[in-house]
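Just below is one structure, and these are the notes that go with it.
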Amino acid sequence: MTDLWTLDAADGELQLRTGVKGRAARMGHRLTIEMTRWRATVRWTGADPVAAELVVETDSFEVIGSRGGVKGLSGPEKALVRSNALSSLGADRFPEIRFGADVIEQSERGYLLTGTLEIRGNRHEHVIDLHTEDLGESWRISAESTVRQSDFGIKPYSLLMGSVQVADEVTLTFTAVHAKDD
């Protein structure tokens, strides 16, 4: 028997955290970004997950917080960050970011998902350590993963002639809750 779970932003959150580097890194902001439109599907055969896919709408990018910098980010500055990021991601040509796991192995805390991550039309193998937690009537699913922007043809944003740069590695966090079937 095959079962399909579908999750979206109503079930959880998908966030990115950026770092800062460069001679004037203290002037830069470490951002928290939320991807507001995404869909995850998990296909099950019996009690075993056999495939998983995450599709994120590239332009669903929203700056929800920042740390550091000389002062906090204003609304117009958040809009500029969003615009620069969408340009770097080529959102007009690549409207989706995808991860598809075709190998799922049980681990001590959940599952290891091995598959292909596609950003900006560039594909690379990626492994996600997915944690599961039994909440009684539902499951909490969470993961944290690091992605190097340059692996996908993205040049990290910089300003002041490179004195302040977004770090190449970006951390993604995912958390969702799915009700157990009766």
L117, L112: one ILVMFWY side-chain cluster at the under-4.5 Å cut-off?
no
Verify, without hydrogens or angle tests, whether S83 (side chain) and A79 (backbone) share a donor-acceptor contact under 3.5 angstrom.
no
Under 3.5 Å, is there a donor-acceptor pair between the side chain of S107 and the main chain of G110?
yes
Is there a continuous path of hydrophobic side-chain contacts, each under 4.5 Å between heavy atoms, that joins L31 to L86?
yes
Any donor-acceptor N/O pair, D3 side chain to W44 backbone, under 3.5 Å:
no
Evaluate side chain to side chain contact (heavy atoms under 4.5 Å, CB included) for F61 paired with M35, printing each intermediate quantity in order.
CA-CA 5 Å; F61 182 107; M35 303 307 286; 4.3 Å; yes
Under the rule for salt bridge (charged side-chain N to carboxylate O under 4.0 Å, His left out), what residues qualify as partners of E62, not counting sequence neighbours?
none
Do V147 and H126 make a side-chain contact, defined as non-hydrogen atoms from C-beta onward lying under 4.5 Å apart?
yes
Nearest heavy atoms of D168 and S150, plus distance in Å:
OD2-OG, 2.6 Å
If you look at every heavy atom in F99 and T114, which pair is closest and at what distance?
CZ-C, 4.5 Å
With clusters defined by side-chain heavy atoms of hydrophobic residues (ILVMFWY) lying less than 4.5 Å apart, directly or transitively, does L172 cluster with V55?
no
Contact between R17 and T32 at the side-chain level, heavy atoms closer than 4.5 Å - yes or no?
yes
Distance (rounded to the nearest 0.5 Å) between D134 CG and R140 CZ:
11.0 Å
Starting from I97, can I reach F94 by hopping between I/L/V/M/F/W/Y residues whose side chains sit under 4.5 Å apart?
no
Taking the side chain as every heavy atom from C-beta outward, state whether D11 and W5 have any pair of such atoms under 4.5 Å apart.
no
Nearest 0.5 Å, please: how far is OG1 in T132 from NE2 in H178?
13.5 Å
May I ask you to test the D151-N122 pair for a side-chain heavy-atom distance under 4.5 Å?
no
Using side-chain heavy atoms (C-beta onward) and a distance below 4.5 Å, is E133 in contact with W139?
no
Under 3.5 Å, is there a donor-acceptor pair between the side chain of S138 and the main chain of V177?
no
Can you confirm whether more than 12 heavy atoms, excluding those of R37, are under 6.0 Å from its CZ atom?
yes
Let me see the working for W38 and L7 under side chain to side chain contact (heavy atoms under 4.5 Å, CB included), right down to the final yes or no.
CA-CA 8 Å; W38 55 268; L7 303 161; 4.1 Å; yes
When you compare the side chain of R39 with that of E96, does any pair of heavy atoms fall below 4.5 Å?
no
Distance in Å, D59 CG paired with T36 OG1, rounded so as to fall on 0.5 Å steps
8.0 Å
Please confirm whether the backbone N or O of A167 pairs with a side-chain atom of Q149, one donor and one acceptor, at under 3.5 Å?
yes
Determine the minimum heavy-atom distance between S145 and V127, stating which atoms define it.
OG-O, 4.1 Å
Would you check if K180 and E137 make a side-chain contact, meaning some heavy-atom pair closer than 4.5 Å?
no
When rounded to the nearest 0.5 angstrom, what is the spacing between CD in E53 and CG in L113?
12.0 Å
Gap between atom CZ of R93 and atom OG1 of T58 - 0.5 Å precision
12.0 Å
On a heavy-atom basis, the closest approach of R120 and G90 is NH1-N, 3.8 Å
Closest non-hydrogen contact found for V42 with P49 is CG1-CB, 4.0 Å
If you define the side chain from C-beta out and look only at heavy atoms, does anything of E77 sit under 4.5 Å from V63?
no
When rounded to the nearest 0.5 Å, the distance separating CZ of F174 from CG of L54 is 6.5 Å
